[in-house]
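So that the names make sense, note that chain A is the first sequence line, chain B the second, and so on, each numbered from 1. The structure presented is a predicted model; accordingly, all values stated were derived computationally and were not measured.
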Number of protein chains: 2
Amino acid sequence: MTEPIPLDLARLRRTCAECSLQMLCLPAGMDAEDISRLEAVVQRRKPLTKGDSLFRAGDPLRAVYVASEGVFKTVMLSESGEEHVLGFHLPGELFGLDAIGSGKHRCEAVALGDARVCELPYAHLASIATQVPSLQHQLLRVIGQSADRDQDHVDVLSRRQASERIAMFLHGLSDRYRRIGRAADDFVLPMSRDEIARYLGLVLETVSRGFSRLHEDGIIEVRGRRVRILDVAALGALTHGCEGGQPPQRRRSGG
Amino acid sequence: MTEPIPLDLARLRRTCAECSLQMLCLPAGMDAEDISRLEAVVQRRKPLTKGDSLFRAGDPLRAVYVASEGVFKTVMLSESGEEHVLGFHLPGELFGLDAIGSGKHRCEAVALGDARVCELPYAHLASIATQVPSLQHQLLRVIGQSADRDQDHVDVLSRRQASERIAMFLHGLSDRYRRIGRAADDFVLPMSRDEIARYLGLVLETVSRGFSRLHEDGIIEVRGRRVRILDVAALGALTHGCEGGQPPQRRRSGG
DNA sequence: CGATTCCTTGACTATGCTCAAGAAGAGTGG
DNA sequence: CCACTCTTCTTGAGCATAGTCAAGGAATCG
């Protein structure tokens, strides 16, 4: 465990300038000089595996993070003991920002599988941002984008119909996969039905039935965690709740 | 309408240093010198009345806002035409940050009654933040706090039971009233049942029934928009879903 | 290959939505 | 100041959607 593994060291040495996620991540839009100043504070942590926590609720704000490989979820445990999933964090997406408001993390970040993160010590980041306006601007932007994702979550949860929430979830995930350069219509879900349910404010059975329904209707093909989107337009239409292509629910008028 | 009203002009001239909301607002924790640099960019807009929009979805990011008097709601219109309420903004709370991620506003901000706002042109704010580290820090903090409120919204919407959502809403609102120095257990709701419902992902009838139920159970006293919280502890307990003081729902075992 | 976890599907139930009508407030003008 | 109107709120009855409980099947891991 403590013995140095050459391959890992090589990866740890990788810089932002070489990173495939550069376009998506904090360095986006920064010039070479600025990036090198940013690189000075970026730390690459040792790889994590399924279930590992990056931080827990109550931990003081030390750093913000971006997954370079693998997917994370952030979860909040309600007083009644239920686990609510606040978000899923794909490679290139900044997370851990929940501690900026109060100085303490409000949630826990957990790796959904093997993962690797870049850690950006917050105090360093903020002080460099003072010196490098383009980084400050970029930092505000990514924070804003993170807030946009939270907003999308609110948007999903505001939908009354479970089918709408599920369609929005898949549609949004597909979009995000495209953005990170991965197939948008054929992927393996990194999270369980239960985790999806806890993200959507539903129970896992409802999510499962929702998936089956989309399969029956020929909109997706699903087998376990493998998902293929066959009809993006129809999926998008379901997102709007009202009738799009197929009727969203067999009403008495149809039957 | 266009004639100058002395009283209003006097108010418009008021500075951050004199503002009663100083402790809550952006200037919190800044010294006199820094505040004066901030004041240079703050603009006080002419008063708004019920229904007036401050910005609309699609508008470019010009400024961020803080209500100095009155309450605002931010709303998003879904493709199917429904209005979703994203948040209510009390005096001292920064809003309009939704445009930071993309450069465009994602939602519309509407005054719920007579209101007055301070407008902070974003470009100015960001450039001063570069020069004044304490403002940068403060700016990041308030953005973080705004994200915390969004997170609280997610938390509310994740609850399955309507009664929990309603209890959390009242409990949270009460908290925020206390923070701005107003009575936390006796207030007039600035928003309608319908707006509450659209915030909670429910319909107005459900909200109305929820309020009536809390009244019956002796936890609150409600008459129209006037609310008095009689038993904060019980309200907090309902927030947790599980049984607290009174049973949350009369089950057959009880009747 | 066995054990465990995860997913699917069914039957039943309950919560909250729909539709509907009436009461209470707020605003307006005589 | 009161009558009128319009909006907002309350309450009721019935129904549909999603939750609960339960069991069996698929997939994954050691």
Is the shortest side-chain N/O distance from [X] to OP1 or OP2 of [N] below 4.0 Å?
X      : N      : answer
B/T206 : C/dG16 : no
A/R223 : D/dA26 : no
B/S208 : D/dT8  : no
B/R225 : D/dC9  : yes
B/R193 : D/dT10 : yes

Passing option when A/F72 is tested against A/F95, A/F88, A/Y65 for ring-ring contact (aromatic ring centres under 6.0 Å, His included): A/F95

How many whole angstroms separate atom [atom1] of [X] from atom [atom2] of [N]?
X      : N      : atom1 : atom2 : value
B/I220 : D/dT10 : CD1   : C1'   : 14 Å
B/L200 : C/dT15 : CG    : P     : 18 Å
A/E205 : C/dT13 : CD    : P     : 17 Å
A/R213 : C/dT9  : CZ    : C1'   : 15 Å
B/I196 : D/dT8  : CD1   : P     : 13 Å
B/R198 : D/dT8  : CZ    : P     : 11 Å
A/M191 : D/dT28 : CE    : C1'   : 18 Å
A/L204 : D/dC21 : CG    : P     : 13 Å

Contact nearer the 5' end of DNA chain C, comparing A/F211 with B/A162: A/F211

With the side chain of [X] defined as its heavy atoms from C-beta on, choose the nearest nucleotide among [options].
X      : options                : result
B/R209 : D/dA26, D/dG12, D/dT20 : D/dG12
A/V203 : D/dG19, D/dT10, C/dT9  : D/dG19
A/Q161 : D/dA18, C/dT9, D/dT10  : D/dA18
B/R160 : D/dT20, C/dC6, C/dG16  : D/dT20
B/S192 : D/dC9, C/dC19, C/dA11  : D/dC9

Sugar-phosphate, base or nothing in reach of B/G210, heavy atoms under 4.0 Å: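 Contact class for B/G210: none.
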
B/Y199 and B/H153 aromatic ring geometry - parallel, tilted or perpendicular at 30°/60° bounds: parallel

Residue pair A/Q161 / A/I166, side-chain heavy-atom distance below 4.5 Å: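 With C-beta onward as the side chain, the pair stays apart.
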
hbond_proxy A/E195 side chain to C/dC6 base (donor-acceptor, 3.5 Å cutoff):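 No, no donor-acceptor pair under 3.5 Å.
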
Value rounded to 0.5 Å, distance of NE2 in A/H171 from NE2 in A/H240: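 Rounded to the nearest 0.5 Å, the NE2-NE2 separation comes to 7.5 Å.
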
Whether B/H215 side chain and B/V222 backbone form a donor-acceptor pair below 3.5 Å: yes

